[in-house]
2 protein chains.
Amino acid sequence: MPTKSAAPKPKNDGSYWREFDRNKPSHSMAHYLMAIDHLRSELGYARSTDVAEMLEISRGAASMALSQLKKRGWVGEDPHRFLLLTEEGKRIATLVEENFSILARFFEQVLGVDRDMAMADACKMEHLMSMDTGRRLMALMRCLLSDTALAEKVREQMRNHQGASL
Amino acid sequence: MPTKSAAPKPKNDGSYWREFDRNKPSHSMAHYLMAIDHLRSELGYARSTDVAEMLEISRGAASMALSQLKKRGWVGEDPHRFLLLTEEGKRIATLVEENFSILARFFEQVLGVDRDMAMADACKMEHLMSMDTGRRLMALMRCLLSDTALAEKVREQMRNHQGASL
DNA sequence: GGCTTCCGTTAATGCGGCTGAACAACACTT
DNA sequence: AAGTGTTGTTCAGCCGCATTAACGGAAGCC
């Protein structure tokens, strides 16, 4: 039976696996911010209840989460006491929205993933992809979706590859 | 001031944003399974303490998490009471490991992301990418990393794109 | 044998994120 | 003015995932 003294220590394999938890913003936080963004551009205002309804959570949960977001300086209130994104909040919301858009389009249009799955996968990963990675993925897509012979060749090769591997 | 009767309902925007929480396995669960997998192939066995040490968490946390994994039928014990992955557990661990490998290589070798960031991003997303998306991404990489003139052209175009967008 | 070390589990606690229920404040209707 | 409905907040509770502390058992050493 192995004891501490006998066993070779495999220590420190990756150890950034915990960065997942420390990720700012969290998945739910990101969606609160995006909800406010959407509501303000669609309705012209955003209240706690509207956010709760859009995200399909209870008003209590929205109230508590939003007070956290205010503490962090990502959300404020306008003179009419409607919810408002701060500069920082807007920056985060925009980044996550762009990440979602890039990922969803990449999965669907480049990889040929079913639309629903593409959206679901993108939604799960949107807040986790770093800005740099997102930018570079954008560049690859501009390349692969362009109307050039090169891009068309890649897309054709992809279709063959997929036919073979599925 | 808007009330419920006056406000147009924006309801049901996406609503699969919650799939994130329901994701099986969770990020930490996936890493428990992979730790057992690595330990068994490196040391020949895996105990609760080894897992805790590898993941740099307390023994208590490992103990409780592993009992959950046993309840779910993903982890068992061999005759010597060492930890063992069940068929299902092995399947999940392998899938997540493959997803990590694919994502990390895609970010680093195709997108040209810095190695550390590529690993960190991949580690955060590994358990969230569906198998289908992973397979297709694999196919794209086989295409883009192949030793053909076509692949070389894409890589060159990527380098130009990145130079312009950074 | 007895002592120490290591192993695994349990208990109390904390944080994030949700629910449901209760409640005060306010608005709208009549 | 009285009654109804909406809003926002707070509270108790649950779950996931971690912590530290304490404890019982087994392995190894003298």
Side-chain angles (χ1 to χ4, degrees), chain A residues 1-9 15 17-33 35-36 39 43 45-72 74-75 77-78 80-83 124 127, chain B residues 1-9 15 17-33 35-36 39 43 45-72 74-78 80-84 124 127:
Chain A
M1 288 71 181
T3 63
K4 179 130 187 181
S5 50
K9 288 191 188 181
S15 99
W17 76 278
R18 290 253 215 133
E19 295 304 312
F20 186 79
D21 305 288
R22 310 193 211 298
N23 202 63
K24 303 295 178 188
S26 69
H27 181 72
S28 63
M29 289 298 172
H31 278 270
Y32 283 111
L33 298 179
I36 294 173
L39 285 166
L43 304 184
Y45 62 87
R47 297 166 308 167
S48 179
T49 297
D50 302 320
V51 172
E53 197 169 327
M54 172 168 275
L55 297 183
E56 296 183 297
I57 58 175
S58 68
R59 280 180 300 144
S63 177
M64 286 187 299
L66 287 169
S67 73
Q68 286 300 106
L69 291 174
K70 286 172 190 166
K71 271 189 205 158
R72 296 194 194 189
W74 295 343
V75 169
E77 289 181 356
D78 68 10
H80 300 294
R81 297 189 45 82
F82 290 144
L83 295 169
K124 287 188 266 186
H127 69 296
Chain B
M1 288 73 180
T3 64
K4 180 130 187 179
S5 50
K9 288 191 189 180
S15 98
W17 76 276
R18 290 252 214 131
E19 296 303 313
F20 185 79
D21 306 287
R22 311 194 211 297
N23 201 63
K24 305 294 179 189
S26 70
H27 181 73
S28 63
M29 290 297 171
H31 278 270
Y32 283 110
L33 297 179
I36 294 173
L39 286 166
L43 304 182
Y45 63 87
R47 297 166 307 167
S48 179
T49 296
D50 302 320
V51 172
E53 197 169 328
M54 172 168 275
L55 297 182
E56 296 182 300
I57 58 175
S58 67
R59 295 200 318 267
S63 177
M64 285 188 301
L66 288 168
S67 73
Q68 285 301 316
L69 291 175
K70 287 172 190 166
K71 270 188 203 160
R72 295 196 196 190
W74 294 344
V75 169
E77 290 181 357
D78 67 11
H80 300 293
R81 296 189 45 83
F82 289 145
L83 295 170
L84 201 59
K124 286 188 268 185
H127 68 298

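The chains referred to below are lettered A, B, ... by the order of the sequence lines, with proteins before strands, and numbering in each begins at 1.
Contact annotation for A/Ser28: backbone-only contact, meaning every heavy-atom pair under 4.0 Å involves sugar-phosphate atoms and none involves a base. Nucleic acid contact for A/Tyr32: sugar-phosphate only, since backbone atoms but no base atoms lie under 4.0 Å from a heavy atom of the residue. No contact: A/Ser67 has no heavy atom under 4.0 Å from any strand.
The side chain of A/Ala61 sits closest to C/dC18 out of C/dC18, D/dT9, D/dA18. Between C/dC7, D/dC11, D/dT9, one nucleotide has an atom nearer to the side chain of A/Lys70 than all others, and that is D/dT9. The side chain of B/Thr49 approaches C/dG8 more closely than any other nucleotide in the set C/dG16, C/dG8, C/dC18. Residue B/Ser48 places its side chain closer to C/dG8 than to any other of D/dG8, C/dG8, C/dG17. Among C/dG20, D/dA18, D/dG16, the nucleotide with an atom closest to any side-chain atom of A/Ser58 is C/dG20.
As a whole-Å value, the separation of A/Arg47 CZ from D/dG8 C1' is 11 Å. The separation between A/Ile57 atom CD1 and D/dC15 atom P is 19 Å, rounded to whole Å. Straight-line distance from the CE atom of B/Met64 to the P atom of D/dG16: 12 Å, rounded to whole Å. The CD atom of B/Glu53 sits 8 Å away from the P atom of C/dC7 (whole-angstrom rounding). Taking atom CG on A/Asn23 and atom P on D/dC17, their separation rounds to 16 Å, with Å as the unit. Here the C1' atom of nucleotide D/dT10 and the CZ atom of A/Arg59 are 12 Å apart, to the nearest Å. Taking atom CD on B/Gln68 and atom C1' on D/dC14, their separation rounds to 14 Å, with Å as the unit. Here D/dC17 presents its C1' atom at 12 Å from CZ of B/Arg72, a figure rounded to the nearest Å.
Looking at B/Val51, B/Leu33, B/Leu84 one by one, the single match for side chain to side chain contact (heavy atoms under 4.5 Å, CB included) with B/Val75 turns out to be B/Leu33. Checked against A/His127 for a side chain to side chain contact (heavy atoms under 4.5 Å, CB included), the options A/His27, A/Met29, A/Lys24 give a single hit: A/His27.
Of the possible polar contacts, one joining the B/Asp78 side chain to the B/Arg81 backbone as a donor-acceptor pair under 3.5 Å is found.
The shortest distance between side-chain heavy atoms of A/Phe82 and A/Leu39 does not fall below 4.5 Å.
Between A/Arg47 and A/Asp50 there is a salt bridge, since at least one side-chain N of the basic residue sits less than 4.0 Å from a carboxylate O of the acidic one.
If you find the closest nucleotide of DNA chain C to A/Gly60 and to A/Ser26, the one lying nearer the 5' end belongs to A/Ser26.
Listed pair A/Arg18 / D/dT19 meets the phosphate criterion, a side-chain N or O lying under 4.0 Å from OP1 or OP2.
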